[in-house]
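First comes the structure, then the notes that go with it.
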Amino acid sequence: MDLSSLRFAHRFDQVSGSAIREIFKIIARPGMISFAGGNPSLAALPDEKVSELSVQVLRDHGKQLLQYGATEGYPPFLESLKQYVETAVGFRPDAVLPVTGSTQAMDLLCKALIDPGDTILVENPSFLGNLQCMKLYQANLVPVASDDDGMDPADLEEKIKAYHPKMVYTIPTFQNPSGRTLSLARREKVAALAAEYGVVIAEDDPYRDLRYRGEMLPSIKSFDREGWVVFLGSFSKIISPGLRVGYLAGREEIIRKCTVGKQSTDVHTANLTQAIVDQFIRQNLLPDHIRTICADYGEKLARMLGHLEDLAGLVTFTRPEGGLFVWAELPEGLNALELLKKAIDQGVAYVPGTHFFVDGGHENTLRLNFSNSTDDQIDRGMSVLKTIFREAK
Ligand SMILES: Cc1ncc(COP(=O)(O)O)c(C=O)c1O
């Protein structure tokens, strides 16, 4: 029998993923200038330090690291991670769980909380990878309105009352894809709403340290008294995405459920990479490293915004104080999907914004990444895009 009768699980019914996969195939072509991904720059990846730390931890604890470990995490890392969350992120965690990138944190939270048909409130637009994860758990995704200060608490409250969601998913700092940051007052309000209505807030904050201007804001979690907020952290953007180390921090009951869920996913996150991140924390290497990458990314962001200023009056765009993305809106009627074909023909790629919206539309929007391009690539790539956008008008 051929494979035509093969039936995949219904959880894939809402998930295609194909459009973005095509873009990522294209950006792999030699010579392409890519504003499409969310990758750190190659210069930001601390390969020499990681190599040194790998030798050190294998020399000191090789047998333990190469053996199976506990699902709960590599014990020394559990200690340093709790300390790190308290001092660097700014709240005292009840419990933490090291995970295989914060992508897994989202997967485990959904595994712990979401039955098919449960509602999750999401910012619109939002991070594609996690929208896909929620769809795979067959959640009903309901968008909440956002503006320049992030998610609108009035709309959030209305939607909570109307839909009785299990969870709210938010990226409060330098949001992917919009670059927007939830204001201080709204952070406090979101935590209060979670407690008032008994809704879990998944606070996904991988970009908080990538701040190039302005003051760092306290997390939503730091306003949480009852335990409804779960914090999803990641070392991908500040050390390396290839190490695949992130964490969940929150109330013991929730972390425990996620730990049971993780047992059947991957038993545990690699001991070796947990031990490497543990050493980054113990040797206090992060502050200097983050300062260096922020100086570089801040200049790249300013450079890209400078080019976008040339399009003032035609294109509106966010001016984030950090993170990896700028969000741009072309005049109504222009189609960023169509224009991407022209851009690709001239060696430049970006991600059309429509892919980040729960129900599509918004074809005049696009996301631009600046961290993974050189100054020269930003100049050349933006000059191509400026010509295309001006001619399309
Ligand atoms: C908002 C957001 N959350 C989570 C992730 C996933 O990060 P990780 O590499 O830790 O799985 C990303 C990666 O781009 C992201 O943008």
Side-chain angles (χ1 to χ4, degrees), residues 17 20 23-24 27 34-41 44-45 73 77 81 84-85 89 96-110 120 122-134 136 141 146 150-151 167-182 201-211 219-221 230-249 258 262 265-266 269-270 273-274 276-277 280 286 293 297 318 320 322-327 350-351 353 355-358 367-372:
I20 289 283
I23 297 174
F24 284 95
I27 62 176
S34 172
F35 302 137
N39 294 6
S41 75
L45 299 175
F77 184 44
L81 181 59
Y84 167 82
V85 172
V89 189
V96 292
L97 176 66
V99 290
T100 306
S102 72
T103 296
Q104 188 181 63
M106 192 69 224
D107 188 66
L108 296 177
L109 257 190
C110 287
I120 304 178
V122 295
E123 287 157 331
N124 206 26
S126 189
F127 171 49
L128 248 172
N130 281 350
L131 292 179
Q132 176 154 318
C133 168
M134 295 178 235
L136 280 171
L141 302 187
S146 296
M151 195 162 57
M167 186 157 86
V168 175
Y169 172 61
T170 179
I171 307 160
T173 319
F174 315 131
Q175 202 246 14
N176 180 2
S178 71
R180 290 174 183 143
T181 292
L182 190 68
I201 307 285
E203 180 180 19
D204 183 16
D205 209 8
Y207 300 107
R208 59 178 286 107
D209 292 299
L210 298 183
R211 178 173 277 282
S219 59
I220 302 171
K221 179 71 187 160
V230 185
F231 187 89
L232 287 69
S234 175
F235 294 96
S236 287
K237 312 292 175 175
I238 53 173
I239 302 180
S240 146
L243 291 180
R244 308 306 301 133
V245 180
Y247 60 93
L248 270 165
C258 292
K262 183 171 166 66
T265 298
D266 61 356
T269 295
T273 55
Q274 290 186 72
I276 291 167
V277 176
F280 257 90
L286 278 171
I293 59 180
Y297 290 173
T318 52
L324 299 183
F325 307 108
V326 178
W327 180 250
Y350 56 79
V351 184
H355 301 307
F356 300 99
F357 288 91
V358 170
R367 188 191 75 177
L368 294 166
N369 163 267
F370 49 85
S371 58
N372 202 24

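Start at 1 and go down the list; that is how both ligands and their atoms are numbered.
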Which heavy atom of [X] sits nearest a heavy atom of [Y], and at what distance?
| X | Y | result |
| --- | --- | --- |
| Tyr247 | Phe231 | OH-CE2, 3.5 Å |
| Leu131 | Ser126 | CD1-O, 3.8 Å |
| Arg367 | Tyr350 | O-CB, 3.6 Å |
| Thr170 | Glu123 | OG1-OE2, 2.8 Å |

Tell me which protein heavy atom sits closest to [atom], plus the residue, atom name and distance to 0.1 Å.
| atom | answer |
| --- | --- |
| atom 5 (C) of ligand 1 | Phe127 CE2, 3.6 Å |
| atom 3 (N) of ligand 1 | Asp204 OD2, 2.6 Å |
| atom 9 (O) of ligand 1 | Ser236 OG, 2.6 Å |
| atom 7 (O) of ligand 1 | Ser102 OG, 3.5 Å |

Checklist entry - Taking only heavy atoms of Ser234, which atoms of ligand 1 are found under 4.0 Å from at least one of them? => result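 Matching atoms, with element in brackets: 8 (P), 10 (O).
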Under a 4.0 Å heavy-atom limit, does [X] contact ligand 1 with its side chain, its backbone, both, or neither?
| X | answer |
| --- | --- |
| Pro241 | neither |
| Gln104 | neither |
| Arg244 | side chain |
| Tyr207 | side chain |

For the residue pair [X] and [Y], establish whether any side-chain heavy-atom pair is separated by less than 4.5 Å.
| X | Y | answer |
| --- | --- | --- |
| Arg211 | Phe174 | yes |
| Lys262 | Thr100 | yes |
| Asn176 | Phe356 | yes |

Item to check | Point-to-point distance, once rounded to the nearest 0.5 Å, from CG of Asn372 to OG of Ser34 | outcome: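 Asn372 CG to Ser34 OG: 7.0 Å, rounded to 0.5 Å.
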Checklist entry - Taking the non-hydrogen atoms of Lys237, is any one of them nearer than 4.0 angstrom to ligand 1? => result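 Lys237 counts as a contact of ligand 1 under the 4.0 Å cut-off.
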Checklist entry - Do ligand 1 and Thr103 have nitrogen or oxygen atoms that lie under 3.5 Å from each other? => result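 Yes, Thr103 has an N/O under 3.5 Å of an N/O on ligand 1.
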